[in-house]
Amino acid sequence: MRVQFRIWRQNGPGDANAGFKEYPLQADEHMSLLEALDLLNAELIRKGETPVAFEHDCREGICGACSLVVNGVPHGPRSATTTCQIHMREFREGETIVLEPWRARPFPVIKDLVVDRSAFDRIMSAGGYVSVRAGAAPDANAIPIGQPTAERAFDFAACIGCGACVAACPNASAMLFVGAKVAHLAILPQGKVERTRRVGRMVERMDTEGFGGCSNHGECEAVCPKSISLDAIALLNRELVRAAVVED
Amino acid sequence: MTTDILRTTIAAKVTMALSGAGLVLFALAHMAGHLQVFGGREVYNHYAETLQGLGAIKWAVRAGLLGILLVHVRAGVLLSQRNRAARPQAYALRRLQRTTTHGRAMLLTGVAFLAFILYHLAHFTLGWVHPQFFHAVDSLGRPDVYGNFVRSFQHPLITITYLGASLAVAMHATHATSSLLRTLGLSHGRFRRACEAAGPVVGVALLAGFACVPLACLLRLIQP
Ligand code: SF4
Ligand code: FES
């Protein structure tokens, strides 16, 4: 199938000549979108041009590295699916496919479609951990946890830190991500110990990084590849209110 | 620790939510009060006189409302500035999937409504605009609020202004109600659906309750 890629090209942060470039490509409908980009890059290299920089790692929807706004939607047309799991058959013959990077002040573009998401790492270092020795895998069973609690915590733990929630939010808010982390840990006994300290530190870091606030548009939930529920944001708000009134 | 928490964006959102909840409750009470116009001149003028007779309580409520409104507007301005700054470069193409027109128009409906409040106060509380209706008294010598009300709304332009404001406040409250329930941490799990339904219910109630009064006067279903 023939498609026309319209790709954001940017030669490093603050490149004044950044903009869209068009690339026609003869692809196969069974290719993944990222394989089509590999093919395009092979052609560009053959022609002596600079290949398109984009992020990817596992290519199986579990690592959170891939990050493209495909035709105006972070992670593309399929719900609960990462960019790397999109196939060319999602697109029409001759379609123009627009690829843009995540756009948010705390996620500056490094090159082309690659953005710097280390703001998320700094939020995690601020409190997204447990300081107790959690032991090896079998030790997880030392504290019995009811099935509903385990399931609920796991739903939040499914977040892969891709940042699509920020990319989708009209305010570039990171509250779905932070909410998923805070809720996941606050629900489990191992995480409860530090819950008061954790939420304040993570939210302060989130603010310092320059993310916007939540206006409850729900765009984050719509694009999240792991279907993290807006409940995460309600629980984050609740944890913060709790931390304001409760002493650790 | 606690003082820093109070400086976070979430704390600002909670301020927004609590003050907003107060304003929504006031809007509902205000609407319910004005539906008494359907009870006729006697009922309505009595209601108006009772409110006016509250003296110190009336002033306390007014001061409280003004305070809440100022807090709400201030938090709203700060948060929306922050939100804008968080995305300096807009997308060339962005297909929104979930959000609503009223959700996107919060700032617009908020500002429009703020302007309306000034006009509304000048109209019914201060009598600065349309004073021709303002100074009448009824047969008991009370201010004829009912007459002012009904005669005002027989003018299409005044009625249209109020209908526009009813729409703005209904849109604003629709998003606000569901939104504030999440900000206050209530909208999750099995409560989520009810919280998300609460917004449209409040919005439709406000729209119907506010719009029917001027419309009834314009269509002469209520006579002065
Ligand atoms: S909440 Fe969803 S969209 Fe946001 S970082 Fe986690 S997995 Fe990605
Ligand atoms: S590349 Fe790992 S999730 Fe897409």
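In what follows, chains carry the letters A, B, and so on, assigned in the order in which the sequence lines appear, proteins first and then strands, with residues in each chain numbered from 1. Note: hydrogens, waters and symmetry copies are ignored here, and every other heavy atom, side chains too, is used.
Checked by atom type and distance alone, the side chain of E219(A) pairs as donor or acceptor with a backbone atom of Q97(B) at under 3.5 Å. At distances below 3.5 Å, at least one donor-acceptor pair connects side-chain atoms of H175(B) with backbone N or O atoms of S215(A). Judged by distance alone, with hydrogens and angles left aside, the side-chain atoms of N83(B) form a donor-acceptor pair with the main-chain N or O of G213(A) at under 3.5 Å. Side-chain atoms of Y91(B) do not come within 3.5 Å of backbone N or O of E100(A) as any donor-acceptor pair.
Proximity to chain A is absent for every atom of A12(B), based on heavy atoms less than 4.5 angstrom apart. For L79(B), no part lies under 4.5 angstrom from a heavy atom of chain A. Looking at V98(A), only its side chain comes within 4.5 Å of chain B, counting heavy atoms on both sides. Using a 4.5 Å cut-off between heavy atoms, F20(A) contacts chain B through its side chain alone, with no backbone atom that close. Interface residue V166(A): only backbone heavy atoms are found under 4.5 Å from chain B. The contact between R152(A) and chain B is made entirely by side chain atoms (from C-beta outward), counting heavy-atom distances below 4.5 Å.
Ranking A172(A), G212(A), A104(A) against chain B, the residue ahead of the rest is A172(A), based on heavy-atom pairs under 4.5 Å. Looking only at heavy-atom pairs under 4.5 Å with chain A, the residue among S187(B), S178(B), A92(B) that has the most is A92(B). Among P106(A), S173(A), A168(A), P101(A), the residue with the largest count of heavy-atom pairs under 4.5 Å with chain B is A168(A). Most heavy-atom pairs under 4.5 Å with chain B, from the set R103(A), H217(A), E209(A), M175(A): that is R103(A). Among C195(B), S80(B), A11(B), A90(B), the residue making the largest number of heavy-atom pairs under 4.5 Å with chain A is A90(B). Of all the listed residues (L236(A), V203(A), N71(A), L230(A)), the one sharing the greatest number of non-hydrogen pairs under 4.5 Å with chain B is L230(A).
Expressed to the nearest 0.5 Å, how far CD1 of I10(B) lies from CD of E239(A) amounts to 10.5 Å.
Closest non-hydrogen pair, R94(B) versus A167(A), comes out as NE-O, 4.2 Å.
In R89(A), the CZ atom is crowded: over 12 heavy atoms of neighbouring residues, nucleotides or ligands sit closer than 6.0 Å. Around the CZ atom of R74(B), the shell of radius 6.0 Å holds no more than 12 heavy atoms that belong to other residues, nucleotides or ligands. Surrounding CG of L66(B) are more than 12 heavy atoms belonging to other residues, nucleotides or ligands, all under 6.0 Å away. Annotation for K21(A): atom NZ does not count as buried by contact number, only 12 or fewer foreign heavy atoms lying within 6.0 Å.
Between E221(A) and R182(B), no side-chain nitrogen of the basic residue sits less than 4.0 Å from a carboxylate oxygen of the acidic one, so the salt-bridge criterion is not met.
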Trace of the side chain to side chain contact (heavy atoms under 4.5 Å, CB included) decision for R7(B) with E204(A): CA-CA 9 Å; R7(B) 269 202 284 272; E204(A) 274 166 26; over 6 Å; no

Chi angles and distances behind the side chain to side chain contact (heavy atoms under 4.5 Å, CB included) call for L235(A), H188(B): CA-CA 8 Å; L235(A) 292 174; H188(B) 69 94; 3.9 Å; yes

Pair V14(B)-V241(A), side chain to side chain contact (heavy atoms under 4.5 Å, CB included): steps then yes or no: CA-CA 8 Å; V14(B) 170; V241(A) 170; 4.0 Å; yes

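Put simply, the side chain of P170(A) does not reach to within 4.5 Å of the side chain of R84(B), judged on heavy atoms. Using a 4.5 Å cut-off on side-chain heavy atoms (C-beta onward), R87(B) and R105(A) make no contact. With a 4.5 Å cut-off on side-chain heavy atoms, L240(A) and I5(B) count as touching.
Using modelled atom types, one finds a donor on one side chain and an acceptor on the other under 3.5 Å when comparing D207(A) with T9(B).
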